[in-house]
Amino acid sequence: MYCTKKVREDLIWVGANDRRLAMFEGVYSVPQGVSYNAYLLLDEKTVLFDTVDKAVSGVFFENVAHALQGRSLDYIVVHHMEPDHSATLQELVARYPQVKIVCNAKIVAMIKQFFTFDIDAYAHVVAEGDVLETGRHKLTFVMAPMVHWPEVMVTYDLTDQILFSADAFGCFGALNGAIFADEVDFERDYLDEARRYYTNIVGKYGTQVQTLLKKASALDIQMICPLHGFVWRRNIGDFVGKYLLWSSYKPEKNGVMIAYASVYGNTAIAAEILSSRLRDRGVETVMFDVSVTPASEIIAAAFRWSHLVFASTTYNAGIFVTMEALLSDLVAHNLSNRKIALIENGSWAPTSGSLMKKQLEKCNGVEFFENTVSIRSSVKEQNLAELEALAEAIATDMPKTHAATEEAPGSGEVDVNALLKVPYGLYVLTARDGDRDNGCIINTVMQVTNTPNRISIAVNKNNFTHDMILHTGLFNISLLDEEAQFDVFKRFGFVSGRDTDKFAGDTDAPRTANGLRYLSEAVSAVISGRVLQAIDCGTHTLFIADVTEAVTLSEVPSVTYQFYFDHIKPKPVVTEKKTGYVCKICGYIYEGDPLPADFICPLCKHGAADFEKLQ
């Protein structure tokens, strides 16, 4: 029996879940199972994006047949030749002999290695930037070598702005009935598995991932369809931001990961003491026994934390076997840019410390704390002092959460970042003057009184909407909610209504009783106002207004400035070291130093105060 999921009206998920698999690729434990995703596009021509692992071939072929509803299969796009996505390709060709296989030249060569059918008779070979038209849809192809095999490519649907991302943006775990990341609590239930997936499957190839992210940043991506895990249609910037961070090998969190190998518990207690002393100093720690914790979990933690401690007993004059295997794995995954401390133990010849250091020196950008703590059999008073000193050294090296200042309290210094702590929302303010509709983004709306219902809004004088309100005295506020996409902010915040019709082509946008347009999607409420007073506040005008209409549209929480920064605004893609500043509002990068004091962002029109130095 089939089990498909609708992604869009003409795009169907035809993949399958495997909860019986114990070890993915024979290496990585998957206690929550794994999904093998494939997608069928039903256009004038039908297009299947990838196949699945042979373990779930039965339900896959039933899904494809059901979704096709008797239609022929015109194309199969092969993004990646790893057998968990291609093992059923030969059977697919046997079932649908008229199909054309869309792939690149490297994939053709690998198909010949894996299978026996005549690929040359089926191949539709594409290169970077080629376009395949299937009716309403236009598909273009982007090469992504070594993410994480050399033949990998991704597909971008120019029509619906969908990225079919191969193994990028994947996640361990079966889908359990859901298909979209926003249908689950992804951060709570799946982010750890997404990190473990990335660091172990793709983590070695950070440079290549950054290259793909740079290409992707030029695309208007409204949805991501990966080969494992959930489809992303909201807060895409969240997950892309994680990939930017992970692929740069920068730590995700300040704190200490302690991994230890202990035979009789003496090395373990040394690790426990160090962790306790670090906690005494306010430093967050996590601990792993490498003999019982799967290496994939420790590797994911090593990518996450800023400081690492490895503690190992000496075994056969070398590193204990499980620790040696872990360190070899970390080096193979290209762990970089970490500060490392070492603890060794040995009853007659403790050598594990120097050997661990030699192994880890192969990693790029690692630094070691000066003194290795060396234990003879068990922890003694002298070792306690050494562990105390190590804890102090690590805590001192930990990045500070705020910069110290030499100025005495009451000096009058104004930290503009402090003002950003004031909670703001984000709203689309709309107005109409004559037959012209317009709107802009504002961040300041406040209810002044409830008897009568009265609100205030602050509007930049440079905004065309500001002038309309001055002239007409009427406005609407659409309260954006957390499902709002970045396109809304670009549409109403990055261009001027003086020379752009922001409602062009949007003839269905509804109007309130005052005749003004408002946004009905990804909006929690709409409020109409009639101006009573306009107060000149320099760069802005503060409008005080009576509420003439207010309607609740959804129960989704209204978006805040912080939510926008954390989850909606795309993270800037910097794949090489640059000197410059990035706009905290829209992500525009100014190259050069210093940033002119009067600089205005060409995208969102915010000033120099809203820029921060590139890290």
Side-chain angles (χ1 to χ4, degrees), residues 249 251 254-281 283-291 293 295 298-299 301-303 305-333 335-399:
Y249 301 104
N254 291 324
V256 184
M257 184 209 80
I258 302 173
Y260 65 89
S262 186
V263 179
Y264 298 109
N266 293 303
T267 307
I269 196 63
E272 292 279 7
I273 293 168
L274 177 63
S275 182
S276 178
R277 298 299 175 265
L278 286 165
R279 286 283 182 169
D280 290 344
R281 290 166 168 81
V283 177
E284 194 169 349
T285 60
V286 293
M287 298 182 67
F288 299 98
D289 183 336
V290 302
S291 295
T293 305
I298 306 175
I299 289 168
F303 270 73
W305 295 92
S306 61
H307 292 62
L308 311 177
V309 177
F310 298 98
S312 177
T313 186
T314 301
Y315 195 77
N316 287 334
I319 307 168
F320 189 71
V321 287
T322 51
M323 178 63 78
E324 186 173 30
L326 171 66
L327 297 183
S328 176
D329 222 357
L330 280 170
V331 172
H333 283 82
L335 180 73
S336 305
N337 308 322
R338 293 296 186 275
K339 200 73 178 284
I340 298 174
L342 302 170
I343 300 173
E344 67 176 2
N345 193 357
S347 291
W348 60 89
T351 59
S352 57
S354 60
L355 294 173
M356 287 191 292
K357 184 175 182 181
K358 184 177 180 180
Q359 182 81 310
L360 290 164
E361 283 175 336
K362 299 173 186 176
C363 297
N364 294 320
V366 298
E367 298 179 43
F368 295 89
F369 285 91
E370 207 168 283
N371 297 321
T372 295
V373 175
S374 186
I375 298 166
R376 291 294 182 117
S377 300
S378 63
V379 177
K380 299 296 190 294
E381 286 297 325
Q382 174 189 341
N383 301 130
L384 286 177
E386 293 171 344
L387 291 168
E388 192 81 43
L390 180 56
E392 181 62 27
I394 294 173
T396 301
D397 190 69
M398 202 61 57

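Numbers here are sequence positions counted from 1. The figures that follow rest on heavy atoms only: side chains count, while hydrogens, waters and symmetry mates do not.
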- Query: Any side-chain heavy atom of Phe310 sitting closer than 4.5 Å to one from Met257?
  - Reply: yes
- Task: Would you list the pairs meeting side chain to side chain donor-acceptor pair (under 3.5 Å) in which at least one residue belongs to residues 376-387, sequence neighbours left out?
- Result: Ser347-Ser377, Ser378-Lys380, Gln382-Glu386, Asn383-Glu386
- Query: Of the non-hydrogen atoms in Thr267 and Ser312, which two are nearest, and what is the gap between them?
  - Reply: CG2-N, 3.9 Å
- Task: Would you mind listing every salt bridge (charged side-chain N to carboxylate O under 4.0 Å, His left out) that reaches into residues 335-353, with sequence neighbours excluded?
- Result: Lys339-Asp397
- Determine, stepwise, if the pair Phe320 / Val263 fulfils side-chain contact (heavy atoms from CB on, under 4.5 Å). CA-CA 9 Å; Phe320 189 71; Val263 179; 3.5 Å; yes
- Nearest 0.5 Å, what's the CG-CD1 distance between Leu326 and Ile299? 6.0 Å
- Identify, with sequence neighbours excluded, every residue that meets side chain to side chain donor-acceptor pair (under 3.5 Å) alongside Ser262. none
- Task: Decide yes or no on side-chain contact (heavy atoms from CB on, under 4.5 Å) for Ser352 and Met323, but give the supporting numbers first.
- Result: CA-CA 10 Å; Ser352 57; Met323 178 63 78; over 6 Å; no
- Close side-chain approach of Ile343 to Leu387, heavy-atom, < 4.5 Å: yes
- Message: With a 4.5 Å cut-off on side-chain heavy atoms, are Asn254 and Trp305 touching?
- Response: no
- Message: Could you walk me through whether Met287 and Glu272 satisfy the side-chain contact (heavy atoms from CB on, under 4.5 Å) test, starting with their C-alpha distance in whole Å, then the side-chain angles of each, then the deciding distance to 0.1 Å, before giving a yes or no?
- Response: CA-CA 8 Å; Met287 298 182 67; Glu272 292 279 7; 3.7 Å; yes
- Query: With Lys357, which residues qualify under salt bridge (Lys or Arg N to Asp or Glu O under 4.0 Å), at least two apart?
  - Reply: none
- Got a sec, which pairs hit ring-ring contact (aromatic ring centres under 6.0 Å, His included) with one end in residues 343-383, sequence neighbours left out? none
- Note on the structure: Heavy atoms of Lys362 and Val331 approach each other most closely as CB-CG1, 3.8 Å
- Hits for side-chain contact (heavy atoms from CB on, under 4.5 Å) against Lys358, two or more places apart or cross-chain, chain-then-number order -> none
- Item | Set of residues satisfying side chain to side chain donor-acceptor pair (under 3.5 Å) with respect to Ser275, sequence neighbours excluded | Thr285
- Query: Considering residues at least two apart in sequence or located in another chain, which fulfil the side-chain contact (heavy atoms from CB on, under 4.5 Å) criterion with Ala395?
  - Reply: Arg281, Val283
- Note on the structure: Interatomic distance, OG1@Thr372 vs CD1@Ile340, rounded to 0.5 Å, equals 11.0 Å
- In this structure, CG of Asn345 is separated from OH of Tyr264 (nearest 0.5 Å) by 12.0 Å
- Task: Could you tell me which residues satisfy side chain to side chain donor-acceptor pair (under 3.5 Å) with Tyr315, sequence neighbours excluded, listed by chain and number?
- Result: none
- Note on the structure: In terms of heavy-atom contacts, Ala317 and Leu355 come closest through O-CD1, 3.7 Å
- Listed by chain and number, what are the salt bridge (Lys or Arg N to Asp or Glu O under 4.0 Å) partners of Asp289, not counting sequence neighbours? none
- Item | Asn364 side, atom CG; Leu335 side, atom CG - distance, nearest 0.5 Å | 9.5 Å
- Task: May I ask you to test the Ile394-Val309 pair for a side-chain heavy-atom distance under 4.5 Å?
- Result: yes
- Message: Taking the side chain as everything from C-beta on, heavy atoms only, tell me whether Leu384 gets closer than 4.5 Å to Val379.
- Response: yes
- Message: Run the side-chain contact (heavy atoms from CB on, under 4.5 Å) test against Ser328 and tell me which residues pass, sequence neighbours left out.
- Response: Gln359
- Item | Side-chain heavy atoms of Leu274 within contact of Val373, under 4.5 Å | no
- Item | Contacts of type side chain to side chain donor-acceptor pair (under 3.5 Å), residue Thr313, not counting sequence neighbours | none
